[in-house]
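Below: the structure, in C-alpha cells.
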Amino acid sequence: MASSDWGDWLPREVEETTPDGIALWYLGCNGFVLKGSDETTLFIDPYVGTGDPPRTVRMIPVPFDPEDVTEADAVLATHEHTDHVHGPSQAAILASTGAAFYAPDDSLAVAREDEQWTDNWDVSDDQFEEVAEGETFEVGEFTIHVEPSHDADATHPVSYVIEHGDVTFFHGGDTKPGEELETIGESYDIDLGVLAFGSDGWIPDKETREPKYTKWYSDENEIADAANALQLDTLLPTHWDMWKGLTADPTALYDHTRSYEYPNALEIIEIGDRVELN
C-alpha cells in the first residue's frame, strides 16, 4: 500500500470546506468525495492503490492516506473491480470514521469474503449495506437512487443518481452506452454526470502476463453516446488518467460531443480538483 504523495492537505481541505450546495473533489481513477452544505460527506469509489504491475500501473499521484480521513458518512461502490472495492483504500476509511459501506452484492462479497474487511480492519458487519437497482436511500442531506449500469466487464455493476436540493449528480462507474442510460436520462434532470473514458491497449494478461488487447472504458464515440442518452447538462470524464497503456486525452471529447444535443458542456478536471454545484 502506497502512502500519500501529497500529505494530508486534501482530506483537510474537504473537512474545512462548507459549500453552499455541493462540493466535489476528484480523487483520480473514478473516485470522488462529495460534501453538502450541511457537511454530509460521501466517498464514491475511492482508490489509492498502485495497481498490479506490470498489468496495471498507476500513472497519477496517491492523493491521500485513508487513515487521514476523519469525516465520512458513507462510502459507495459501483462494482466489484479492485479499483472500486479495495480494503486498504476503503475499509480504512470505515474504520477511522464509522461510515457505512453501500454496495451491490458482488462488491460486498469482495469486502466480506475475499478481503475480509471485518478481520483485517476495525470494521463491523453492520457497516455493510447492500443496495440494488431501483432502491433509494438517504445519507444525511443526500438522496441516493441506485440505477443500472451497462458494464459487461463487471458481474453486478450499479450507477448512482445523487440529489441535493435542486442539484442532481450522476456517477456511472465504468458504464458504457446502453438502453439503461436512456431510461435514467428520461427519469432525472442531471446537472453533472461522471462517465469513465479511456483508450484501448495491449495490457499483460492477468494469468499469463502475455500482452492482451484490452478495452475497459468507453472510447470517444461511446462516451458521447452515453452522455447524450443520459441528457447530461455537463459531462465530466474520468478514468482517462489512471492506467499505463489505457490513458487518453479528454480534450478530444470537445469534438466528439459537439454535434450531439447533450451534453451542454464538458468539464475537464484533474486529480485533486474541486467542482462546486449550486
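Just so you know, these numbers use all the heavy atoms, side chains as well, and skip hydrogens, waters and symmetry mates.
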Mind checking whether [X] and [Y] have side chains closer than 4.5 Å, heavy atoms only?
X	Y	answer
Tyr102	Ile144	no
Leu235	Val194	no
Arg58	Met242	yes
Ile190	Ile184	yes
Glu270	Tyr26	no
Leu27	Phe43	yes
Trp243	Val57	no
His171	Asp45	yes

[atom2] on [Y] to [atom1] on [X], rounded to 0.5 Å:
X	Y	atom1	atom2	answer
Ser218	His150	OG	NE2	9.0 Å
Asp5	Leu10	CG	CG	12.0 Å
Ile271	Ile60	CD1	CD1	4.0 Å
Leu42	Leu24	CG	CG	11.0 Å
Asp83	Thr50	CG	OG1	12.0 Å
His86	His81	NE2	NE2	14.5 Å

Over all atoms of both residues, closest heavy-atom pair of [X] and [Y]:
X	Y	answer
His84	Thr78	ND1-OG1, 3.5 Å
Thr257	Ala224	CG2-CB, 4.0 Å
Ala77	Val158	O-CG2, 4.1 Å
Ser96	Pro66	OG-O, 4.0 Å
Glu80	Ala154	OE2-CA, 3.3 Å
Val85	Ala111	CG1-N, 4.4 Å

Is there a donor in the side chain of [X] and an acceptor in the side chain of [Y], or the other way round, less than 3.5 Å apart?
X	Y	value
Asp106	His79	no
Tyr47	Asn30	no
Glu186	Gln231	yes
His156	Glu133	yes
Ser159	Glu147	no
Asp126	Ser124	yes
Thr18	Glu39	yes

> So, Tyr160 versus Phe170, ring centres under 6.0 angstrom or not?
Replying inline: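 For Tyr160 and Phe170, the ring centres are not under 6.0 Å apart.
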>> Centroid separation under 6.0 Å, is that true for the rings of Trp117 and Phe101?
In response: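 They qualify: ring centres under 6.0 Å apart.
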Would the distance check show the side chain of [X] and the main-chain N or O of [Y] forming a donor-acceptor pair, the cut-off being under 3.5 Å?
X	Y	value
Lys206	Thr208	no
Asp65	Ser4	yes
Glu67	Ala92	no
Thr97	Ala99	yes
Tyr262	Ala265	no
Glu222	Asp219	yes
Glu180	Ser149	no
Trp121	Thr118	no
Asp191	Asp233	no
Asp38	Thr40	no

Taking the basic N atoms (NZ, or NE/NH1/NH2) and the acidic carboxylate oxygens, is any pair closer than 4.0 Å for [X] and [Y]?
X	Y	result
Asp125	Arg112	yes
Arg274	Glu13	yes
Lys176	Asp225	no
Glu141	Lys35	no

>> Checking Lys212 against Glu210 for the salt bridge (charged side-chain N to carboxylate O under 4.0 Å, His left out) test, could you report, in this order, the C-alpha distance in whole Å, the side-chain angles of both residues, the deciding distance, and whether it holds?
In response: CA-CA 6 Å; Lys212 178 181 179 181; Glu210 293 297 319; over 6 Å; no
> Does atom NZ of Lys215 have more than 12 heavy-atom neighbours, drawn from other residues, nucleotides or ligands, at distances under 6.0 Å?
Replying inline: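 Above 12, so yes.
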Out of curiosity, does [Y] fall in the hydrophobic cluster containing [X] (side-chain heavy atoms, cut-off under 4.5 Å, transitive links)?
X	Y	value
Ile223	Leu236	no
Met59	Ile269	no
Leu34	Val75	no
Leu232	Leu192	no
Leu195	Phe32	no

> Should Ser37 and His164 be marked as a side chain to side chain contact (heavy atoms under 4.5 Å, CB included) after you check the CA-CA gap, both sets of side-chain angles, and the distance that decides it?
Replying inline: CA-CA 9 Å; Ser37 53; His164 181 278; 3.6 Å; yes
> Can you check side chain to side chain contact (heavy atoms under 4.5 Å, CB included) on Glu15 and Asp8, steps first, answer last?
Replying inline: CA-CA 11 Å; Glu15 291 171 9; Asp8 68 349; over 6 Å; no
> So Ile22 and Phe142, side chain to side chain contact (heavy atoms under 4.5 Å, CB included) or not? Walk me through it.
Replying inline: CA-CA 10 Å; Ile22 302 175; Phe142 293 102; 4.0 Å; yes
>> Ring-plane angle category for Tyr188 and His145, please: parallel below 30°, perpendicular beyond 60°, tilted otherwise.
In response: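 The arrangement is tilted - the two ring planes meet at 30° to 60°.
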>> I'd like to know whether Val161 forms a side chain to side chain contact (heavy atoms under 4.5 Å, CB included) with Thr168, so could you lay out the CA-CA distance, the side-chain angles of the two residues, the decisive distance to 0.1 Å, and finally the verdict.
In response: CA-CA 7 Å; Val161 178; Thr168 303; 3.5 Å; yes
Which pairs would a plain distance check flag for residues 246-255, meaning a side-chain donor or acceptor within less than 3.5 Å of a matching protein atom at least two apart in sequence or in another chain?
unit_1	atom_1	unit_2	atom_2	d
Asp249	OD1	Thr251	N	3.0
Asp249	OD1	Thr251	OG1	2.7
Asp249	OD2	Thr251	OG1	2.9
Asp255	OD1	Arg258	NH1	3.0
Asp255	OD1	Arg258	NH2	3.2

